[in-house]
Amino acid sequence: MYEKTFPNKRFKHTIQFLKKHIATSEPILDLGVVNPFSNIMKQHGFKVENTTGEDLDFDTSAIENSNATVITAFEIFEHLLSPFTVLQSIKTDKLVASIPLRLWFSSAYRSKTDMLDRHYHEFEDWQFDWLLEKAGWKIIASEKWTNPTNKIGFRPILRWFTPRYYIVYAERIKIPN
């Protein structure tokens with residue numbers, strides 16, 4: 001998964017945000033397969049269960065049948081064709097989710113070797129906020145951060161100033177029909 005680079009800065013910001021809003025005693029269902037960040041959450045005392053790789057556009061049963069009190073979705077919604085459906089299927093009252101933000105100077109991410117490792121959506125923060133609101137969630141807290149690189153060029157310079165990641169803590173305000 002992280003053959004060439006390990007996202008230390010993103011993981012550091014994400015765990016700090018999670019610890020600020022979620023108690024380690026609350027069971028978490030993390031959308032996506034077990035990954036390095038799932039293990040970081042466990043190392044910080046969180047009780048984490050992951051989905052098993054099912055296509056959440058078609059099968060939300062793991063979400064619907066979970067006994068977790070918190071859903072986390074780190075860098076997941078941009079890969080789904082219908083994140084609205086997944087957000088509506090969540091039965092818990094707490095959600096922590098992060099997305100990579102759309103960058104005006106860079107095209108959408110697409111792996112040439114892995115069909116599942118592609119971004120169908122590249123959100124701006126207001127679009128993600130609107131999606132959450134329409135699916136019945138109220139954003140309680142949010143943060144953004146940059147992702148600078150050590151490369152030379154115009155786009156690498158812009159990455160020092162342009163937020164790349166957006167994370168939210170949201171609570172359910174209404175149960176979808």
Shortest non-hydrogen contact between [X] and [Y], atoms and distance:
X: Phe77; Y: Ala97; result: CE1-CB, 3.8 Å
X: Lys138; Y: Ile173; result: CB-CG2, 3.2 Å
X: Phe37; Y: Ile15; result: CZ-N, 3.8 Å
X: Thr51; Y: Ala62; result: CG2-CB, 4.0 Å
X: Pro27; Y: Ala68; result: O-CB, 3.4 Å

Indicate the ring-plane relationship of [X] and [Y], choosing parallel, tilted or perpendicular according to the 30° and 60° boundaries.
X: Tyr166; Y: Phe128; value: perpendicular
X: Trp126; Y: Trp130; value: parallel
X: Trp145; Y: His13; value: parallel

Less than 4.5 Å apart, any side-chain heavy atom of [X] and any of [Y]?
X: Leu132; Y: Leu95; answer: yes
X: Asp30; Y: Asn50; answer: yes
X: Glu78; Y: Pro83; answer: no
X: Arg10; Y: Glu75; answer: yes
X: Asp93; Y: Glu171; answer: no
X: Lys20; Y: Gln16; answer: no
X: Ile28; Y: Val70; answer: yes
X: Met41; Y: Thr72; answer: yes

Check the surroundings of atom CG in Asn67: do more than 12 heavy atoms from other residues, nucleotides or ligands lie under 6.0 Å from it?
no

Report yes or no: do Asp57 and Ser82 form a side-chain donor-acceptor pair below 3.5 Å?
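No, no side-chain donor-acceptor pair sits under 3.5 Å.
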
Ignoring hydrogens and angles, tell me if any N or O in the side chain of Ser38 forms a donor-acceptor pair with the backbone of Asn35 under 3.5 Å.
yes

For Lys94 and Tyr169, indicate whether the former's side chain and the latter's backbone hold a donor-acceptor pair under 3.5 Å.
no

Assess the residue pair Leu131 and Trp137 against the criterion (side chain to side chain contact (heavy atoms under 4.5 Å, CB included)); give the C-alpha distance rounded to whole Å, side-chain angles, the decisive distance to 0.1 Å, and a yes or no.
CA-CA 9 Å; Leu131 173 66; Trp137 295 93; over 6 Å; no

Residues Glu133, Ile139; criterion side chain to side chain contact (heavy atoms under 4.5 Å, CB included); working and verdict
CA-CA 8 Å; Glu133 178 185 311; Ile139 296 172; over 6 Å; no

Just how far is it from atom [atom1] of [X] to atom [atom2] of [Y], taken to the nearest 0.5 Å?
X: Arg164; Y: Ile99; atom1: CZ; atom2: CD1; result: 9.5 Å
X: Gln88; Y: Arg172; atom1: CD; atom2: CZ; result: 8.0 Å
X: Ile90; Y: Leu31; atom1: CD1; atom2: CG; result: 6.0 Å
X: Ile63; Y: Lys91; atom1: CD1; atom2: NZ; result: 9.5 Å
X: Lys144; Y: Asp125; atom1: NZ; atom2: CG; result: 3.5 Å
X: Asn39; Y: Phe46; atom1: CG; atom2: CZ; result: 14.0 Å

